[in-house]
2 protein chains.
Amino acid sequence: MIRGWEELRADLLARIRAREWPPGGLVPGEEQLAHDYGVARATVNRALQALAEAGVVERRKRAGTRVAALPVRKARLDIPVIRREVEARGQVYSHVVLAQQVVALPAGAAARMGLAAGSPAVWLETLHRADGQPFAHETRWLNLAALPDPVPDFGTVSANEWLVANLPFVSGDMSFAAEAAGPAEARALEIAEGTPLMVIERLTQGLSGPITFVRLCHPPGHRVVLSL
Amino acid sequence: MIRGWEELRADLLARIRAREWPPGGLVPGEEQLAHDYGVARATVNRALQALAEAGVVERRKRAGTRVAALPVRKARLDIPVIRREVEARGQVYSHVVLAQQVVALPAGAAARMGLAAGSPAVWLETLHRADGQPFAHETRWLNLAALPDPVPDFGTVSANEWLVANLPFVSGDMSFAAEAAGPAEARALEIAEGTPLMVIERLTQGLSGPITFVRLCHPPGHRVVLSL
DNA sequence: CGGGTTAATATGTATATACATAATTACCGT
DNA sequence: ACGGTAATTATGTATATACATATTAACCCG
């Protein structure tokens, strides 16, 4: 006896997992399911909405509800503030600004950020530490037009954290790669050149344009966990 | 003039981004917003539901709706089927099974998978190629109890792909790290030992227990892209 | 048989109403 | 001032009804 949309969602999910309706196959319509389960059509709609958002089914107006042909397999990452990440490991966080200057955005970075070459930007290089050991080497370009005037003091609160509190992003992209440590990273992270690094790059956009392009390098032993 | 829940959601999001209600602050209640916008309370509820699911606000019965104290910053990864990943790059996919045998699960893998040591499992080693070049070296443990009998032929369709179509997971975890290539990976991927590898590990659970624990190693140049 | 047009229909949404439930507030007693 | 209890209330949900919209199916004509 179904008590509400959540139970209905779970029951439908179980039936889908049991292959009652195969991938790509048509699930009975809302009216039919409402009749079968003895609930309102709106309740069925609510349950299917949740399944659609989970990627289990695909729905289109008038076209019916189909089991996703290939189950969408999504993993989620909660992007951590580095200080919180370090402290969550029970370690003491600290950071030091290695370099900071207002510059004209070079062509490569400009293209990456979708800004004109020569746009005023802040170039920032930061080392984040955990218990005094190098945790991450961060280099970033900040779109000067997105920052308040005067530019905040990133020696006090790292840009990594300041941006979260003051310039939330609304879109962007992020990527991971394994790369060999170059001279700058090796020096900052106190490791040998060529050591494998987890390199995380991220571009974020605010409501009025690009905010920042950041590159984070973590030494070996760093693992990024996503949930399924 | 708000036309529906989607426009309302966008308007509320813009107001939140503009700090009309600060992080942690209380958003006006549904009845108030319904009155202010001239829509039904259910419409407000629908818009706020979407914002809550996006992590922009937090809602509890009777407690009101608050702007998330720290904007949740989530990134999403669509987990690709390797063949599709290769083909999406315009390359020709192929794979070869380097090793496959039914074994007793050793203690380490058993612990990782939440199974008893000695449980029957399939050990599988696969090399995935793109245009004939090594693309990924995959080693995996498959819980024999989760597989049909007889065990499928992974030489024809890789386990990576077979599982998607036949054993969808319902939960699990996934992680990324940069590691130096060991002898087995170096040999399979035709690179020098010590070369940085993007190492992806994933454990998936089905409705009736653990399915597989897989470790994927990609040579340099492989970039995993997430969307924000 | 194929293509174009029209009608039908399944999902998508908005609203009003009623009820459920968890959290907050108010009140009272010690 | 603090703790406990009861009342209030803001979110959560279910239902019925009406309307919107995109897609599918039916029909007609060349």
Side-chain angles (χ1 to χ4, degrees), chain A residues 1-17 20-72, chain B residues 1-17 20-72:
Chain A
M1 176 58 196
I2 293 292
R3 304 285 180 86
W5 76 266
E6 178 56 50
E7 284 190 27
L8 178 54
R9 183 200 62 80
D11 197 66
L12 290 172
L13 178 61
R15 292 170 71 179
I16 287 167
R17 295 287 181 233
E20 183 164 330
W21 307 293
L26 207 50
V27 173
E30 294 185 356
E31 293 275 14
Q32 181 67 43
L33 288 173
H35 180 264
D36 294 347
Y37 280 101
V39 297
R41 192 197 126 207
T43 305
V44 174
N45 179 281
R46 181 68 182 86
L48 289 174
Q49 177 203 323
L51 288 176
E53 275 165 17
V56 176
V57 296
E58 290 166 347
R59 289 152 67 66
R60 275 187 303 170
K61 241 174 209 177
R62 175 64 179 80
T65 297
R66 289 186 183 275
V67 177
L70 257 189
V72 173
Chain B
M1 177 57 195
I2 292 292
R3 302 286 180 87
W5 76 266
E6 177 59 50
E7 282 189 30
L8 179 54
R9 184 200 62 80
D11 197 67
L12 289 172
L13 179 61
R15 291 170 72 179
I16 286 166
R17 295 285 181 235
E20 184 165 329
W21 307 292
L26 206 50
V27 173
E30 294 185 354
E31 295 275 13
Q32 181 66 44
L33 288 174
H35 180 262
D36 294 347
Y37 280 100
V39 297
R41 191 197 125 207
T43 304
V44 174
N45 180 281
R46 182 67 183 85
L48 288 174
Q49 178 204 324
L51 288 176
E53 276 165 19
V56 175
V57 296
E58 291 165 347
R59 291 154 64 67
R60 274 185 304 166
K61 238 173 214 180
R62 173 67 177 79
T65 297
R66 289 184 184 276
V67 177
L70 253 190
V72 173

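Within every chain, numbering begins at 1; the chains are lettered A, B, ... in the order of the sequence lines, protein sequences first and strands thereafter.
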Audit row: Tyr37(B), Thr43(B), side-chain contact (heavy atoms from CB on, under 4.5 Å) steps and yes/no: CA-CA 10 Å; Tyr37(B) 280 100; Thr43(B) 304; over 6 Å; no
Which is it for Leu13(B) and Arg17(B) under the side-chain contact (heavy atoms from CB on, under 4.5 Å) test, yes or no, and what are the steps along the way? CA-CA 6 Å; Leu13(B) 179 61; Arg17(B) 295 285 181 235; 3.8 Å; yes
Quick one: do Leu12(A) and Leu33(A) satisfy side-chain contact (heavy atoms from CB on, under 4.5 Å)? Show the steps, please. CA-CA 10 Å; Leu12(A) 290 172; Leu33(A) 288 173; 4.3 Å; yes
side-chain contact (heavy atoms from CB on, under 4.5 Å) assessment of Trp21(A) paired with Ile16(A): CA-CA 6 Å; Trp21(A) 307 293; Ile16(A) 287 167; 3.7 Å; yes
Considering only nitrogen or oxygen atoms on both sides, find all protein atoms under 3.5 Å from nucleotides 8-12 of chain C and state each distance.
unit_1	atom_1	unit_2	atom_2	d
dT9(C)	O4'	Arg62(A)	NE	3.4
dT9(C)	O2	Arg62(A)	NE	2.4
dA10(C)	O4'	Arg62(A)	O	3.4
dA10(C)	N3	Arg62(A)	N	3.3
dT11(C)	OP1	Glu30(A)	N	3.4
dT11(C)	OP2	Glu30(A)	N	2.7
dT11(C)	O4'	Arg62(A)	N	3.1
dG12(C)	OP2	Arg59(A)	NE	3.1
dG12(C)	OP2	Arg59(A)	NH2	2.5
dG12(C)	N7	Arg41(A)	NH2	2.6
dG12(C)	O6	Arg41(A)	NH1	3.3

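By the side chain to side chain donor-acceptor pair (under 3.5 Å) test, Thr65(B) pairs with Arg59(B), sequence neighbours left out.
To the nearest angstrom, P of dT13(D) lies 11 Å from CD of Gln49(A). One atom, CD of Gln32(B), and another, P of dA10(D), lie 10 Å apart when rounded to the nearest Å. One interatomic measurement links the two molecules: CZ of Arg9(A) to P of dA14(D), which rounds to 13 Å at whole-angstrom precision. One interatomic measurement links the two molecules: CG of Leu26(A) to C1' of dA25(D), which rounds to 14 Å at whole-angstrom precision. Rounded to whole angstrom, the span from the OH atom of Tyr37(B) across to the C1' atom of dA14(C) amounts to 17 Å.
Evaluated for a side chain to side chain donor-acceptor pair (under 3.5 Å) with Arg41(A), the options Glu30(A), Gln32(A), His35(A), Glu31(A) yield exactly one hit, Glu30(A).
Nucleotides of DNA chain D nearest to Ala40(A) and Arg66(A) differ in position, and the one nearer the 5' end is that of Ala40(A).
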